[in-house]
Amino acid sequence: MTYFVTMLRKAVLILLGVLVIAQSIRPARTEEPLDPAADLIALTKPSAEVEHLLRVACYDCHSGQPRYPWYMNITPVNWWMQGHINESREHFDVSAWGRVSGEKRAHWAEEAVEMVGEEEMPLPSYTWTHGDARLTEEQRLLLTNYFSALMR
Ligand code: HEC
């Protein structure tokens with residue numbers, strides 16, 4: 001029994017040591033200055049309500065201006081979150097809206113209608129911690145209408 005307790009104590013200490021050391025290993029962040037010539041909101045000038053929804057429900061992952069929360073300083077949470085940001089911008093980058101082809105924009109808009117309509121976006125892991133990103137039916141409709149108009 002005492003042997004088990006000693007081993008457990010050692011295991012906990014080693015784990016804590018690893019976590020402390022891991023704090024110095026942080027992912028590269030991807031904040032960049034807003035480029036009004038490429039930003040989705042700057043270029044499409046949506047209504048104030050749609051703009052608000054885009055900012056609170058999409059921009060933290062899909063733009064170059066994420067609002068990093070304090071826990072973004074904690075390894076390994078930060079790796080998981082930065083991974084989401086990098087992956088999401090590969091699929092849909094609101095900060096590159098003005099830099100891609102019209103065809104690509106239409107494709108992104110179509111995907112966005114689907115993702116928001118089918119409640120796949122914003123990601124559930126995000127809405128747990130961001131109450132204002134939990135969209136009502138009405139808000140989903142506002143967003144899908146907005147993106148539908150951008151498909152043309
Ligand atoms: C927590 C981060 C996060 C938030 C918030 C978020 N997304 Fe995403 N999004 C992702 C990730 C990760 C992917 C890529 C993987 C996938 O498709 O699940 C993605 C993919 C997408 C795609 C591409 C789908 C495809 O298959 O090509 C679109 C379009 C999209 N998101 C739209 C949105 C819209 C619109 C919002 C806001 C209403 C939003 N997302 C909010 C993380 C997020």
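Start at 1 and go down the list; that is how both ligands and their atoms are numbered. The residues of the chain are indexed from 1 along the displayed sequence. Only this structure's heavy atoms are used, side chains among them; waters, hydrogens and symmetry mates stay out.
- Proximity of atom 17 (O) of ligand 1 to the protein is not indicated, since no non-hydrogen protein atom lies closer than 4.0 angstrom.
- The closest protein non-hydrogen atom to atom 41 (C) of ligand 1 is Ala57 O, 3.2 Å.
- Screening Pro122, Cys61, Ser63, Pro66 for a side-chain contact (heavy atoms from CB on, under 4.5 Å) with Ser88, the sole residue that qualifies is Cys61.
- Residue side and main chain included, Met121 places an N/O/S atom under 2.8 Å of atom 8 (Fe) of ligand 1.
- In terms of protein heavy-atom proximity, atom 23 (C) of ligand 1 is closest to His91 CB, 3.6 Å.
- Electrostatic pairing of Arg99 and Asp35 counts as a salt bridge here, judged by a charged N lying under 4.0 Å from a carboxylate O.
- Glu90 and Asn86 share no side-chain donor-acceptor pair at under 3.5 Å.
- Under the 4.0 Å criterion applied to side-chain N and carboxylate O atoms, Glu32 and Arg89 are assigned as salt-bridge partners.
- Contacts between Val116 and ligand 1, counted as non-hydrogen atom pairs separated by less than 4.0 Å, involve the side chain only.
- Among the atoms of His62, an N, O or S atom falls under 2.8 Å of atom 8 (Fe) of ligand 1.
- Considering only non-hydrogen protein atoms, atom 1 (C) of ligand 1 sits nearest to Cys61 SG, 2.7 Å.
- For the 3.5 Å distance criterion, the side chains of Tyr59 and Glu51 fail to qualify, holding no donor opposite an acceptor.
- Under the 3.5 Å distance criterion, with hydrogens and angles disregarded, no donor-acceptor pair is assigned to the side chains of Ser148 and Asn145.
- Across Ala112, Pro124, Ser88, heavy-atom proximity to atom 13 (C) of ligand 1 is greatest for Ser88.
- Asp132 places no side-chain N or O within donor-acceptor distance of the main-chain N or O of Val56, the cut-off being under 3.5 Å.
- Contact annotation: Leu123 has at least one heavy atom less than 4.0 Å from an atom of ligand 1.
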